[in-house]
Amino acid sequence: MEWEKHLNKQQLKAVTTPSQYVRVIAGAGSGKTRVLTYRLAYLIKEFGAAPWRTLAITFTNKAAKEMQERTMSLLPGNEGNLNVMTFHSFCARFLREEAQLIGYPRNFTIYDEDDQQRLIKSIVTRYGYKKNDKIVGEALRFIGMLKTDGLYPDDIDLRKYPYIPDRKTLLEIWKDYETALNNAFALDFDDLLAKVRLILINNEETRTKWQNRFDHILIDEFQDTNDVQYDLVENLLKSTTNLYVVGDPDQTIYTWRGANQDILTKMERQFPSVETIILNRNYRSTQNILSAANKLIAHNKDRIKKDLYTEAGSGEKIVQNNALTDRSEAEWVAQELMALKISEPGFSYRDVAILYRSAYLTAPIERVFMTKRIPYVVYGGIRFYARAEVKDVVAYWRMLVNRKDDVAFTRIINTPKRGIGDKTLATLVSEARKQEYSLYEYILYLEDDAPTDLRPNAKRILKDLVLIMESYRERIEAGLEAPSEVANEYIEKVGYYKYLKEDEERGEERLENVAQLIQELYAALKEGQFTTFAEYIQNVTMYTSQDEMGNEDRVTLMTVHVAKGLEYPYVFIIGLNDGVFPNHRSLDGGLEALEEERRLAYVAFTRAQKRLYLSCSNEYSYVLSNRKQPSPFFKEAGLEFPRFSSRFEFGRRYELPTKESDGGETRDFFAEPSEVADWQIGDLAQHRVFGRGIVKKIIDNTILEIKFDDYGIKKIMANHHAVEKIVLEGDLS
DNA sequence: GAGGCAGTAATTTTT
DNA sequence: TTACTGCCTC
Ligand SMILES: Nc1ncnc2c1ncn2[C@@H]1O[C@H](COP(=O)(O)OP(=O)(O)OP(=O)(O)O)[C@@H](O)[C@H]1O
């Protein structure tokens with residue numbers, strides 16, 4: 001193999017270096033993932049490394065699959081096992097093997113965020129809170145914050161958190177949460193990492209065993225590694241193990257999940273002999289795109305300067321748009337797509353990605369695409385595996401594998417509706433608790449004549465349900481029939497298909513999703529990706545948005561986080577508004593948070609290969625209680641604020657009150673020209689915030705100057721939803 | 001216990 | 001705009 005044909009000089013050096021500890025630091029699109037893939041192949045082919053003694057960590061399952069395939073294609077004639085997987089899958093596998101160390105069976109259940117939330121809800125009701133009390137969110141955040149650092153309740157000294165109002169209760173809830181997880185043989189995502197870390201640190205025998213398994217550990221997207229993951233890796237290293245990491249500190253976008261921005265520096269401190277290799281040629285984007293991205297990220301203070309260049313030529317200009325409304329923003333995107341389709345030979349929809357800060361921003365785009373029949377798929381927000389129907393079915397399946405999984409059982413106990421309501425459930429929960437049984441076990445072992453407060457009818461319904469589940473559990477365990485067949489028949493038997501068919505609006509789509517899930521179960525077992533039904537069920541929870549991506553000819557809509565590591569010829573970034581991107585809530589976190597938003601924008605910009613479209617809108621925002629302004633990122637990227645682009649959009653400049661609203665600072669503002677004919681000087685007005693007032697002046701027929709009883713004179717948009725004319729009854733004189 | 005309606009409150013990112 | 005609660009009726 002002529003390695004130098006596929007790699008530039010720096011890349012070649014990175015791939016072939018004999019150093020034991022290596023870090024490759026490089027900007028977006030410089031071939032980091034490519035280098036890691038070639039390195040893996042190179043180690044096996046030229047260094048004679050044993051494929052099964054290498055461990056490569058990627059950020060998503062999809063990236064793992066691609067790297068696996070890519071590496072194998074570089075190694076013709078070689079087959080066998082490469083260990084390419086995410087941290088979480090690695091830990092799940094580890095714990096499957098070492099389950100007895102935590103007192104769990106191999107077929108433990110992995111709880112996702114939704115399961116966690118349900119569990120917390122059931123716990124807080126025991127404290128007298130309502131199921132939807134805000135304590136639920138607080139508890140999830142509290143637990144998440146500490147658990148991502150690898151901590152457990154016993155490690156907590158509450159005096160360190162005086163600023164958290166309900167800390168005492170929260171800690172109690174957390175303890176109950178841990179007990180509930182234990183009783184259910186369940187682990188949440190943080191447990192996967194934290195438990196493995198603790199085992200490796202505390203159990204020498206196991207540590208040695210695992211240290212002896214790998215000669216080479218390689219990590220992609222290292223900049224988003226957190227300290228627990230880092231510890232974990234460190235404990236997998238013996239003195240001769242090789243460690244190879246690649247990353248771009250400017251692309252750290254998961255600090256809110258514990259990623260440590262300084263992790264690359266930390267590594268250098270820990271391994272002073274580390275060889276650092278810098279790649280600075282970008283192979284992905286045109287100069288125009290790259291320049292904008294470089295200028296933008298240069299505004300971050302807390303960073304190591306890197307100079308990325310490209311030989312691709314300046315390419316096309318960045319296209320900008322400032323739309324009047326969210327709807328016209330979406331229409332503009334559709335128009336541009338149509339234009340591309342006509343003007344670009346060989347264009348296909350799959351070449352296009354539409355990126356945004358938050359999932360809710362897709363709504364107008366979806367509506368417009370639907371009417372214009374532009375094919376699209378949405379990723380991020382709700383993952384396929386997080387959809388209600390998919391989770392329902394998986395919850396049914398989970399009961400076949402783990403009878404202690406109360407969260408799953410509670411989920412499906414009345415789906416489809418069986419007449420089991422909150423009352424019956426509460427009775428069941430308390431009786432099962434007394435006997436120290438899970439809900440399922442309690443029902444299963446409940447004798448006909450045993451005393452119970454369950455209604456006879458409810459008792460019969462539950463018993464029938466559990467007996468059905470038992471029979472399918474036995475069939476799956478016997479392993480004589482194809483699991484996908486049994487699993488499918490089971491879903492029919494519990495009445496779930498009938499339930500979906502009754503959903504007139506979305507029934508068909510939901511049935512299709514379930515069919516797809518069953519197809520995937522079938523394929524995963526057939527291809528040997530997982531060996532047992534139980535293992536598949538365990539891993540389904542960790543599937544990500546990227547894992548769902550197919551190759552259909554459709555436009556891809558996704559959050560920037562989901563787009564990490566991907567590239568597209570044409571990229572639209574929509575909703576590039578102040579307060580949206582950067583997100584106003586994240587800005588509470590101060591400068592650091594703003595810098596992360598900027599990195600996120602940097603990631604977004606650098607997904608584009610040929611042409612980048614940046615767009616914002618002036619729609620009224622209920623959250624900001626103002627019309628949206630273009631994002632500061634435009635200017636920071638060296639671009640002018642975008643001008644209106646569509647033919648209806650002839651904005652005018654208005655003077656508007658700022659937040660504190662004494663007419664203060666003047667802002668450039670475009671507003672929808674609107675008729676305000678029904679306002680007259682002297683009219684009485686009612687404002688949601690300022691209360692009652694009288695109209696003193698009308699400016700440009702659009703702005704009212706109102707003197708409020710309690711707040712003095714304010715200038716208000718006449719068409720603003722918060723202001724209303726008071727019509728006095730009978731006042732027609 | 002289920003379903004429908006009206007009024008109110010508030011929109012981050014995910015393994 | 002939407003999504004979610006609380007309240008009402010069957
Ligand atoms: N030496 C090379 N010759 C040709 N193409 C290359 C070369 N190096 C990288 N590329 C191409 O550049 C693109 C970006 O590479 P890659 O995804 O590995 O970059 P990256 O640094 O991992 O990006 P990101 O920072 O966005 O994750 C890919 O399409 C890759 O095939």
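Within every chain, numbering begins at 1; the chains are lettered A, B, ... in the order of the sequence lines, protein sequences first and strands thereafter.
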Can a side chain N or O of A:Arg455 be found less than 4.0 Å away from OP1 or OP2 on B:dG1?
yes

Less than 5.5 Å between centroids and less than 30° between ring planes, does A:Tyr622 satisfy that with C:dT1?
yes

Residues A:Asp578, A:Lys628: salt bridge by 4.0 Å N-O rule:
no

Rounded to the Å, how far apart are A:Asp188 CG and B:dT14 P?
18 Å

Note: for A:Arg418 and A:Gln116 on DNA chain B, the residue whose nearest nucleotide lies more 5' is A:Arg418

Return the nearest nucleotide to the side chain of A:Trp256; candidates are B:dG1, B:dT11, B:dT14.
B:dT14

Would you please classify the geometry between the A:Tyr230 ring and the A:Phe222 ring as parallel, tilted or perpendicular, with 30° and 60° separating the classes?
tilted

Whether A:Ser89 contacts B:dT15 is assessed here as follows: a side-chain N or O lying under 4.0 Å from the phosphate OP1 or OP2. Is that the case?
no

Side-chain donor/acceptor of A:Thr60 to backbone N/O of A:Ala63, under 3.5 Å
yes

Between CG of A:Leu361 and P of B:dT12 the distance, given in whole Å, is 10 Å

Which part of the nucleic acid, if any, lies within reach of A:Ser621 when heavy atoms closer than 4.0 Å are counted: base, sugar-phosphate only, or nothing?
nothing

Rounded to whole Å, please give me the gap between OH in A:Tyr620 and C1' in C:dT1.
12 Å

Take atom NZ of A:Lys391 and atom C1' of B:dT14, then tell me their distance rounded to the nearest Å.
14 Å

Checking B:dT12, B:dT15, B:dT11 against the side chain of A:His88 (C-beta onward), the nearest is B:dT15

Please name the pair of heavy atoms, one in A:Glu636 and one in A:His299, separated by the smallest distance, quoted to 0.1 Å.
O-CE1, 3.0 Å

Integer-rounded Å distance: B:dT13 P and A:Phe189 CZ:
16 Å

Which whole-number value in Å describes the distance from A:Asn260 CG to B:dT15 P?
20 Å

Answer yes when A:Lys564 and A:Glu221 have at least one side-chain N-carboxylate O distance shorter than 4.0 Å, and no when they do not.
yes

For A:Arg367, answer base if it contacts any base atom (sugar-phosphate contacts may also be present), sugar-phosphate if it contacts only those atoms, and nothing otherwise; contact means non-hydrogen atoms under 4.0 Å.
sugar-phosphate

The side chain of A:Ser586 lies closest to which of these nucleotides: B:dA10, B:dT12, B:dG1?
B:dT12

C1'-based separation of B:dT13 from C:dC4 [nearest Å]
22 Å

Report the distance from atom CG of A:Asp224 to atom P of B:dT14, rounded to the nearest whole Å.
13 Å

Nearest-nucleotide wise, let me know which of A:Lys417 and A:Thr86 is further upstream toward the 5' end of DNA chain B.
A:Lys417

Students often get this wrong, so: under 4.0 angstrom with heavy atoms, is A:Arg327 touching a base, only sugar-phosphate, or nothing?
nothing

Just compare B:dT13, B:dT14, B:dT11 and give me whichever is closest to any side-chain atom of A:Ser358.
B:dT13

Using whole Å, what does the distance between atom P of nucleotide B:dT11 and atom CG of A:Leu624 come to?
12 Å

Is the phosphate of B:dT15 approached by A:Asn226 (side-chain N or O, under 4.0 Å from OP1 or OP2)?
no

Can you tell me if A:Thr559 touches the phosphate of B:dT12, counting only side-chain N or O atoms and a distance under 4.0 Å to OP1 or OP2?
no

Mind checking if A:Phe87 touches a base, just sugar-phosphate, or nothing, with heavy atoms under 4.0 Å?
nothing

Measure from the side-chain heavy atoms of A:Arg585 and tell me the nearest of B:dA2, B:dT12, B:dT13.
B:dT12

Using a strict 4.0 Å threshold on nitrogen-to-oxygen distance, state whether A:Arg411 and A:Asp115 make a salt bridge.
no

